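What follows is a set of notes on a single structure, which appears directly below.
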Amino acid sequence: MSDVAHAPAQPIAFKRNAREALADPQLRRNFRGAMDFLMDKRRSQFPDGDELERLRAFGNRVRARALSKLPELLERLDARLSRNGVKVHWAETVDEANAIVHRIVEQHAAKKIIKGKSMVSEEMEMNHYLGDRGVDCLESDMGEFIVQLRAEKPAHIIMPAIHLNAGQVAQLFHDKLEVDYTEDVDRLIQIGRETLRRNFFEADIGVSGVNFAIAETGTLLLVENEGNGRMSTTVPPVHIAVTGIEKVVENLRDVIPLLSLLTRSATGQAITTYVNMISGPRKADELDGPQEVHLVLLDNGRSQAFADGELRQTLNCIRCGACMNHCPVYTRIGGHAYGTVYPGPIGKIVTPHMLGLDATRDLPTASSMCGACGEVCPVKIPIPSLLRRLREEAVRAPAAAPQHVRGQGAKYSRKETMVWKAWRTLNTSPALYRAALYAGTRLRALMPAHIGPWTDHRSAPKPAARTLHELAREHLGDQ
Amino acid sequence: MNAKERILGKLRGSLQGTTPIVDDYDIELLNEPWRYPPAERVARLRQMLGAVHGESQLSSTTGWPMQVIEALAQRNIGELLIAPTTPHGQQFADFVARTGAPLRLKAYDRPVEEWKDELFFRTPASLTGTLGGIAATGSLVLWPTPQEPRLMSLVPPLHMALLKASEVLDNLYQFMHAHRWADGMPTNALLVSGPSKTADIQQTLAYGAHGPKELLVLILEDA
C-alpha cells in the first residue's frame with residue numbers, strides 16, 4: 001500500500017506536515033472531492049439566506065446566554081442528572097478524566113468497551129490510556145472504525161475517514177478483516193455492520209460523547225445516522241458519556257435552533273437519522289438500557305478560554321465542522337497535518353487552550369484570513385478575529401501580565417519586537433519618516449536580491465526612485 | 001477542594017461583574033417557516049421520509065394489521081417482535097390469532113439480558129407505536145416505555161412503526177410544546193428519520209449501518 005499509516009503527526013511540526021500533505025496528490029484529490037460535496041450539501045439546506053442569518057444570530061445568542069451563566073447551568077445540570085440517577089463526574093485535565101473512566105472500568109471488571117463517536121474521548125486519548133491498562137476500546141462509528149483499523153486519528157470531526165477513498169477502505173478491510181476485496185460501498189458497510197454487531201452485544205461498557213447537555217431536564221442529547229450511538233448508549237450495562245463543560249444549554253427548547261444549525265451545517269441534512277435524548281439509566285420496570293449512566297465533564301483548558309470575554313466565544317462551538325469544510329487551507333492539507341484532535345479553523349482556536357501556544361505556535365498563522373470560516377459558522381464565532389488575537393498572544397512578551405493563554409509569547413522574539421518598536425518610532429516621527437524614505441529611495445540599488453523566505457518564490461521588492469510625497473508635492477505644485 | 005469546586009470557582013471568577021444574557025427566544029423563527037396546512041402535514045412527512053429511504057403507507061385503525069402481514073410476506077419474513085401489552089401489540093396478536101396468519105410472534109416481555117442473542121441475531125423485524133410525527137423533518141417521535149422497550153426500534157433489520165395522522169405536528173417546537181417535554185423527560189426519547197445510514201466511505205450513502213436497514217411507517221389516517 002502506498003499510503004500506510006505512520007506515527008500521528010504533532011502540531012509542533014505543522015509546517016513539515018503541511019509540506020508532506022501538499023505533496024500527496026491522492027490525499028488532495030480525496031479532500032477536494034469531499035469538501036466540494038459537503039459545501040454543496042450545506043448550501044442546499046439553506047435556500048433562504050434570511051432564515052439562515054436569523055438562525056445563526058439566534059444560535060449565537062443561545063450559546064452566549066448559556067455561557068453567560070455557565071457555572072449556574074453546570075450545577076443545575078449536575079443536580080438534575082443526579083436526581084435522574086446519572087452519576088456526574090468532573091475533571092480538570094484529561095488525566096483526571098481518564099482516571100475516572102478507568103475507576104468505573106475497574107469497578108465493573110470490564111474488559112471490553114464499545115465507543116460511539118466522541119471527540120472528547122479523542123482529546124483524552126482514552127483508547128490509548130485504557131489499552132495500556134489491558135482494556136480494549138473499539139470504535140463503532142464506521143469512519144472511526146476504519147481510522148482505528150489503520151491506527152490513525154480522525155481526519156475530520158464529523159467524517160473521520162474522509163481522507164480515504166473506497167479503494168483504500170477495500171484494501172484495508174481485505175488486509176485486516178480477511179474479507180474478499182470489494183470496492184462496493186454497500187458491501188463494505190455490511191462488513192462493518194457484521195463485525196461490529198457482535199461487539200455491541202459483548203461490550204461491558206459503552207462510551208459516547210454528547211452534543212448538547214440540557215440543564216433544565218437533565219438530558220444528554222446525541223445526534224447520529226448510523227445507530228451506533230444508540231447501540232453504545234443502550235446495549236452495554238454501563239454507559240459513560242464524556243463531554244466538555246461548555247456543551248450545556250439552559251432549556252430543552254434551546255436545542256431546537258442548535259439542532260437545526262448543527263445537522264444542516266455539518267452534513268447538509270434537515271435532521272440526522274437519530275436524535276437520541278437520554279435522561280437516566282434503566283428504571284426498575286424497564287427491560288433494556290444501561291443499569292448505570294455516568295457523565296464526565298471535562299475542562300481541559302476550556303476555563304482558560306472562558307476567562308477572556310473575546311476568547312470565550314471559542315466555546316460557542318457546536319462541532320459541526322462547517323469551518324473546516326469551507327477552509328482553503330484545510331482542503332489542501334487535510335486534517336492530519338494539524339497534528340491536533342480538532343483540525344481546521346476551529347482546531348486552531350481551541351487547541352491552544354488545551355495544549356498551550358508553545359505546542360501549537362504555528363496554528364494561528366496557518367490561515368489566509370480569507371474569512372470563510374467565520375462566515376459559515378452557525379453560531380457566529382468570529383474565527384478570523386480570534387486567530388488574530390492568538391497571533392498577538394503568541395508574540396507578547398512571555399512574562400507580560402495579564403496572562404490570557406498558556407504558552408504566551410511562544411513566538412516572541414526580542415529582535416522582532418525591536419523591529420516593530422523602531423517601525424513605530426519611524427511612523428510617528430515625521431522628520432525621521434521623511435529621512436528614512438529619502439534614504440530608501442536614493443539607496444534603492446542596494447536592495448539585496450535575496451531576502452529570506454520572501455524571495456523563495458517571489459522577486460525582491462525594489463523601492464521607487466522617488467517617494468510618493470515628492471511626487472505628490474510636484475504634482476500639486478503644477479496646479 | 002475537588003475538581004468540581006475548582007472548575008466552578010474559575011468560571012465564577014471569570015464572570016465577576018457581568019450580568020447573564022436574557023432569554024429572547026425567537027419562537028416565530030422556529031415555527032413560521034415550518035408550518036403546513038393540516039391536509040398537507042402527512043404528505044410533507046412522507047416526502048421527507050422518502051427522501052432518506054423511509055418507506056410509508058397510508059392505512060387505517062382496522063386495516064394496518066393486514067398491511068403488516070403483507071409487508072412481512074413480501075420480504076419472506078416469518079416472525080415479528082411485538083410489544084404484547086400495548087394496545088397495538090394486543091390488536092395485532094388478536095388479528096394473527098383470528099386469521100391464522102402464518103407468523104410467529106415474539107414478545108419483548110423480559111429483560112434484554114435473558115434473550116440478547118436471539119434479539120441480535122434471530123429477530124428480523126419489529127413493530128412499535130410512536131408518540132407522533134414531525135412534518136418539517138419527516139421524523140417519528142419515539143418514547144420507549146417498559147411495555148415497548150428501546151431496542152425494539154434499533155436492533156431488528158426491519159422496523160415497522162404505526163403513526164396516527166392526528167399526532168403529526170408541524171415542527172419540533174410545536175411537538176415539544178404540545179407534549180410539555182420540559183416538564184419531564186423519559187429515560188430515553190428519540191426522533192427517528194429513516195433507516196440507519198452512513199456516508200463514511202467516500203461520501204457514498206449506504207443504508208443499514210448499525211440500526212434498521214428498512215423503516216416502514218404505517219400512517220393511520222383515521223386516528
Side-chain angles (χ1 to χ4, degrees), chain A residues 34 37 51 54-55 58 61 64-65 68-71 74 90-92 96 142-143 159 161 165-166 169 185-186 188-189 193 196-197 201 216-217 219 225-228 230-231 234 245 251-253 256-257 270-271 273-280 282-283 285-289 299 303 306-307, chain B residues 2-4 6-8 10-12 14-15 18 20-21 23-26 29-30 33 48 52 108 110-112 116-117 120 136-139 146 149-151 154 172-173 176 181-182 184-204 206 208-211:
Chain A
F37 171 82
E51 192 252 352
R54 278 180 69 191
L55 197 56
F58 191 6
R61 288 200 308 278
R65 168 159 50 86
S68 79
K69 36 184 130 171
L70 184 61
L74 283 168
W90 299 64
E92 285 191 283
E96 281 177 32
M142 291 291 181
M159 308 191 88
N165 60 27
V169 176
V185 171
D186 281 317
L188 290 169
I189 292 300
R193 176 185 171 103
L196 287 163
R197 196 152 253 240
F201 175 83
E216 180 181 38
T217 51
T219 301
N225 288 309
E226 295 185 2
N228 66 306
R230 285 184 67 193
M231 286 278 190
T234 314
I245 53 172
N251 300 317
L252 186 59
R253 67 177 193 173
I256 301 172
I271 194 166
T273 305
Y274 301 114
V275 176
N276 182 6
M277 291 166 270
I278 298 164
S279 301
R282 180 194 307 199
K283 295 198 178 83
D285 60 348
E286 291 174 334
L287 302 181
D288 58 20
D299 181 343
S303 58
F306 188 81
Chain B
N2 60 27
K4 175 179 175 177
R6 279 193 300 272
I7 291 170
L8 288 174
K10 273 191 269 184
L11 298 178
R12 280 203 194 92
S14 304
L15 285 179
T18 66
I21 295 173
D23 189 355
D24 58 348
Y25 199 83
D26 190 348
L29 178 62
L30 301 177
M48 291 301 286
V52 290
Y108 199 149
R110 54 203 188 283
V112 63
K116 218 171 177 182
D117 198 72
F120 267 73
T137 48
S139 309
R150 296 160 72 165
L151 291 173
L154 180 64
L172 180 56
Y173 178 81
M176 249 183 209
W181 282 11
M185 293 289 279
T187 306
N188 186 218
L190 298 154
L191 307 182
V192 175
S193 312
S196 77
K197 62 177 182 284
T198 182
D200 271 358
I201 301 179
Q202 206 180 317
Q203 304 91 54
T204 307
H210 294 297

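All chains are named by letter (A, B, ...) in the order of the sequence lines, taking the proteins before the strands, and each is independently numbered beginning at 1. Note that the coordinates shown come from a computational prediction; the quantities given were computed from them, not determined experimentally.
Here the closest non-hydrogen pair linking Gly208(B) and Ile189(A) is O-CG2, 4.0 Å. Listed here is the closest heavy atom pair of Val185(A) and Ala206(B): CG1-CB, 4.3 Å. Met142(A) and Ala209(B) make their closest contact through CE-O, 4.1 Å (heavy atoms, listed as atom of the first residue, atom of the second, distance). Shown here for Glu226(A) and Ser196(B), the closest heavy-atom pair between the two residues is O-CB, 3.2 Å. When all heavy atoms of Phe58(A) and Asp26(B) are compared, the closest pair comes out as CZ-N, 3.3 Å.
Side chains of Leu172(B) and Val275(A) form no contact here, defined as non-hydrogen atoms less than 4.5 Å apart. Looking only at side-chain heavy atoms (C-beta outward), Leu74(A) and Leu11(B) come within less than 4.5 Å of each other. Taking the side chain as every heavy atom from C-beta outward, Ser193(B) and Thr273(A) never approach each other to under 4.5 Å.
For the options Ala189(B), Pro111(B), Pro186(B), Gly211(B), heavy-atom pairs under 4.5 Å to chain A are most numerous at Ala189(B). Put simply, of Leu154(B), Thr204(B), Val192(B), the one with the most heavy-atom pairs under 4.5 Å next to chain A is Leu154(B). Interface check for chain A: of the options Lys4(B), Lys116(B), Met48(B), the most heavy-atom pairs under 4.5 Å are formed by Lys4(B). For the set Leu190(B), Asn2(B), Val112(B), the count of heavy-atom pairs under 4.5 angstrom toward chain A peaks at Leu190(B).
Remark: Glu92(A) engages Arg6(B), Lys10(B) in a salt bridge (Lys or Arg N to Asp or Glu O under 4.0 Å) (not counting sequence neighbours). Under the salt bridge (Lys or Arg N to Asp or Glu O under 4.0 Å) criterion, Asp117(B) pairs with Arg122(B), sequence neighbours left out.
When heavy atoms are compared at a cutoff of 4.5 Å, Ala91(A) approaches chain B solely by way of its backbone atoms N, CA, C and O. Of the two parts of Phe306(A), the backbone and the side chain both hold a non-hydrogen atom closer than 4.5 Å to a non-hydrogen atom of chain B. When heavy atoms are compared at a cutoff of 4.5 Å, Ser139(B) approaches chain A solely by way of its side chain, counted from C-beta outward. Both the backbone and the side chain of Ile278(A) have a heavy atom closer than 4.5 Å to some heavy atom of chain B. Proximity to chain A is absent for every atom of Ala136(B), based on heavy atoms less than 4.5 angstrom apart. Residue contact with chain A, scored on non-hydrogen atoms closer than 4.5 Å, is absent for Val52(B). If you measure heavy-atom distances from Thr217(A) to chain B, the contacts under 4.5 Å come from the side chain alone. For Leu30(B), the part lying under 4.5 angstrom from a heavy atom of chain A is the side chain only. Only the side chain of Thr219(A) comes within contact range of chain B, judged by heavy atoms closer than 4.5 Å. Of the atoms belonging to Tyr274(A), heavy atoms from both backbone and side chain fall under 4.5 Å from chain B.
Between the side chains of Tyr25(B) and Asn251(A), no donor-acceptor pair is found at a separation under 3.5 Å.
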Verdict with reasoning, Glu51(A) to Leu29(B), per side-chain contact (heavy atoms from CB on, under 4.5 Å): CA-CA 8 Å; Glu51(A) 192 252 352; Leu29(B) 178 62; 4.3 Å; yes
Residue pair Arg253(A), Asp23(B): steps toward the side-chain contact (heavy atoms from CB on, under 4.5 Å) verdict: CA-CA 11 Å; Arg253(A) 67 177 193 173; Asp23(B) 189 355; 3.3 Å; yes
Stepwise side-chain contact (heavy atoms from CB on, under 4.5 Å) test for Leu191(B) and Met277(A): CA-CA 9 Å; Leu191(B) 307 182; Met277(A) 291 166 270; 4.1 Å; yes
Test side-chain contact (heavy atoms from CB on, under 4.5 Å) applied to Thr187(B) and Lys283(A), step by step: CA-CA 8 Å; Thr187(B) 306; Lys283(A) 295 198 178 83; 3.1 Å; yes
